[in-house]
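In what follows, a single structure is set out as structure tokens and then discussed.
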Number of protein chains: 2
Amino acid sequence: MSEKATTVQDVARTAGVSTATVSRALSTPDKVSERTREVVFKAVEQTGYRVNRAARNLRTQRSNTALVILPDLSNPFFSEILEGISDHLSGTGYSMLVAGMTQIRDSGERLIDYLNDGRADGMIVLDGSLPQDAISSLTAPTHRDKIVFACEWTNQADFPSVRSRNRQGARDAIRHLYDLGHRKIGHITGPEGNVLSLERRDGAVAELTGLGIAPRAEWVIPAGFSLPDGRKAAQRFLKLKDRPTAIFCASDIQAIALISELQRHDIRVPNDLSVVGFDDIEMAEFVTPALTTIRQDRFQLGYAAAVLLMECISKDSSRDYAQIHQIPTNLVPRDSTAPLLP
Amino acid sequence: MSEKATTVQDVARTAGVSTATVSRALSTPDKVSERTREVVFKAVEQTGYRVNRAARNLRTQRSNTALVILPDLSNPFFSEILEGISDHLSGTGYSMLVAGMTQIRDSGERLIDYLNDGRADGMIVLDGSLPQDAISSLTAPTHRDKIVFACEWTNQADFPSVRSRNRQGARDAIRHLYDLGHRKIGHITGPEGNVLSLERRDGAVAELTGLGIAPRAEWVIPAGFSLPDGRKAAQRFLKLKDRPTAIFCASDIQAIALISELQRHDIRVPNDLSVVGFDDIEMAEFVTPALTTIRQDRFQLGYAAAVLLMECISKDSSRDYAQIHQIPTNLVPRDSTAPLLP
DNA sequence: CTGAAAGCGCTAACAT
DNA sequence: ATGTTAGCGCTTTCAG
């Protein structure tokens with residue numbers, strides 16, 4: 001028993017103007033005389049009119065919607081990035097469609113379809129590990145201007161992207177430990193093949209080398225970003241004969257799980273071991289000891305990605321690709337690092 | 001220089017049939033002869049055709065999109081619920097639009113517009129504190145069948161909803177502490193006015209009372225769900241002259257922050273104080289001591305909400321409202337609770 | 001089972 | 001500055 005929604009026709013009738021005028025008054029108010037504008041607005045209010053997006057989308061060939069692709073919807077790491085994205089999008093009248101790669105794969109959909117079938121005007125990809133076929137379809141000239149990577153990225157194509165200064169962040173972490181007197185410094189890596197893992201590891205190695213410290217292979221412990229990975233890394237650490245006095249972890253949650261597991265084995269942080277994380281998740285400040293970490297501004301990351309995407313979409317001129325925006329990171333010293341005891 | 005997308009027309013031409021037949025072959029394959037179906041499918045493949053959603057949406061007056069409303073996009077608590085929702089939606093060909101109430105408010109949009117203007121066919125609301133005017137507009141007969149609450153809910157209208165057995169969960173927490181010998185049991189509440197806070201507090205009080213323990217007002221510490229709230233609660237706790245030997249927290253992150261802060265003041269958990277949380281976030285298992293908590297199945301919560309929404313949307317018969325689906329919770333005993341020492 | 005034709009509601013030429 | 005008109009691409013009566 002749904003009463004018919006009001007249309008431009010209704011508004012036009014009540015306002016005593018043509019539908020075209022109504023449309024103009026709404027989307028390009030300056031192309032209409034002040035008087036008509038008022039009349040139309042009044043009619044809109046009276047009738048409670050709302051433009052029908054489906055109709056507008058069909059006509060304009062735009063959806064005013066952006067798709068955000070996460071590797072994994074359940075990963076809480078992305079929430080703040082989402083907020084940053086949404087914050088800018090909603091300000092520009094865009095809606096945010098969110099999908100996880102797991103679900104996309106399972107449902108047999110293709111990313112490119114969202115762009116082709118009019119569901120989204122562009123997309124922000126937070127997953128640096130898209131399957132090869134997805135990437136190559138997205139690099140088609142029709143689409144490449146509608147895609148922006150954020151946080152992670154892919155080296156297999158030169159999409160514009162927004163990312164943290166991962167390498168510099170890693171260097172800062174190592175430098176911090178060095179300045180505290182540590183010389184035996186280890187690193188727990190992120191997942192193998194992940195771009196972030198690589199950057200952070202390379203940054204750490206570069207800084208160590210620059211400081212005249214030869215990185216020791218057994219102190220670079222391969223892991224992943226997750227909590228279980230941190231725990232496993234701790235177990236590997238415990239088996240080391242000669243242990244480092246400081247560790248740089250590729251992620252905060254990994255660091256938190258590592259510390260927790262080490263504490264169970266009576267290794268005290270920071271007394272026995274200094275630990276630096278990466279991310280500065282909210283929890284970092286609230287664990288004991290509070291975690292020293294490299295902060296990345298996830299809100300900003302998302303926000304900048306949204307800005308960049310909107311630029312890409314709107315810009316008609318041919319663009320320079322491989323635009324990379326880097327968001328600064330910064331060291332947040334807390335209680336999980338301490339000067340090396342003599 | 002975007003080459004024109006292929007349309008039904010193109011497919012119809014290559015298949016040598018009418019556009020109507022193509023449409024039928026695609027959406028209602030059984031209403032078409034086997035031969036034609038094959039021909040059409042082949043043509044679709046050849047041309048790389050994809051239905052244009054904007055056109056379909058306009059024509060069918062459906063968007064095949066659901067809107068999910070979070071109170072706060074940056075809150076990581078919701079990610080797993082989102083995954084549950086998306087998991088079901090994507091299986092039914094629906095897309096997921098996500099928005100945070102903060103952004104909605106800031107952009108001056110109204111929730112109801114999403115339903116009216118054809119952006120969404122229905123919505124899942126995870127925010128029990130919608131403004132009054134939003135709620136009343138949503139209760140209009142045209143819309144009430146398109147809305148489902150999940151996790152939180154509102155008492156100001158009888159929308160169908162999916163929620164955890166918060167009250168029972170709270171009772172289980174108290175009972176667990178009681179069974180460990182505790183008689184001096186406190187509670188850190190969630191934010192005032194929040195439906196979850198109320199249920200959990202009421203459940204705790206009811207169980208205490210049932211066990212013959214009179215709840216003590218100073219042991220019910222008002223707080224919120226967040227990390228800072230947990231820390232503040234710890235500070236309140238420290239000021240107590242006569243302290244409880246066990247505490248039930250309204251959320252895990254609150255409990256984690258509380259324990260962390262207490263540890264700094266040399267209160268040992270579980271030796272000096274047993275703590276039970278609520279939620280079973282992934283971190284709960286990885287803090288020290290591992291947190292005893294009441295698990296709510298957030299994936300399931302989201303999944304069930306999506307199922308319920310799809311039912312509501314598709315069902316044409318008049319429905320029984322106020323349908324409430326309750327998801328069981330369960331106690332996960334870990335190391336933050338221990339028998340009361342004599 | 002299939003085709004012809006109308007039209008969802010809007011905007012953008014084009015004409016005035 | 002405003003109105004007329006066509007048509008975005010699809011689905012769905014209605015005929016056949």
To the side chain of [X], which of [options] is closest?
| X | options | answer |
| --- | --- | --- |
| B:T21 | C:dG3, C:dG7, C:dG9 | C:dG3 |
| A:T60 | C:dC10, C:dA12, C:dA13 | C:dA12 |
| A:N52 | C:dC1, C:dC10, C:dA13 | C:dC10 |

Within the distance-only criterion (no hydrogens, no angle test), does the side chain of A:T28 pair as donor or acceptor with the backbone N or O of A:D30 below 3.5 angstrom?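 Side chain of A:T28 to backbone of A:D30, a donor-acceptor pair under 3.5 Å: no, none is there.
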Do A:T60 side-chain atoms and A:R56 backbone N/O form a donor-acceptor pair below 3.5 Å?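 Present.
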5′-ward residue of the pair A:T7/B:D30 relative to DNA chain C: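 Mapping each residue to its closest nucleotide by heavy atoms, the 5'-most match is B:D30.
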Nucleotides bounding contact with chain A, strand DNA chain D, heavy-atom threshold 4.0 Å: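 Contact boundaries, 5' end first: D:dA1 to D:dG9.
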Where do B:A25 and B:V32 come nearest, in terms of heavy atoms and distance?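 For B:A25 and B:V32, the tightest heavy-atom pair comes out as N-CG2, 4.1 Å.
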Contact class for [X] vs. all strands (heavy atom < 4.0 Å): base, sugar-phosphate, or nothing?
| X | value |
| --- | --- |
| B:S23 | base |
| B:R50 | sugar-phosphate |
| A:T36 | sugar-phosphate |

Start at the 5' end of DNA chain D and walk down; is the nucleotide closest to A:T19 or to A:R35 reached first?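 Closest to the 5' end, via its nearest nucleotide, is A:R35.
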Would you please test B:S90 and A:Q103 for side chain to side chain donor-acceptor pair (under 3.5 Å) and show each step? CA-CA 6 Å; B:S90 71; A:Q103 280 76 27; 5.9 Å; no
Polar side chain donor-acceptor pair, A:Y94 to A:D121, under 3.5 angstrom: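 Yes.
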Report yes or no: do B:Y303 and B:E83 form a side-chain donor-acceptor pair below 3.5 Å?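 Absent: no donor and acceptor within the cut-off.
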Just the rounded figure in Å: distance from P of C:dA12 to CZ of A:R62.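 My rounded result for the distance is 11 Å.
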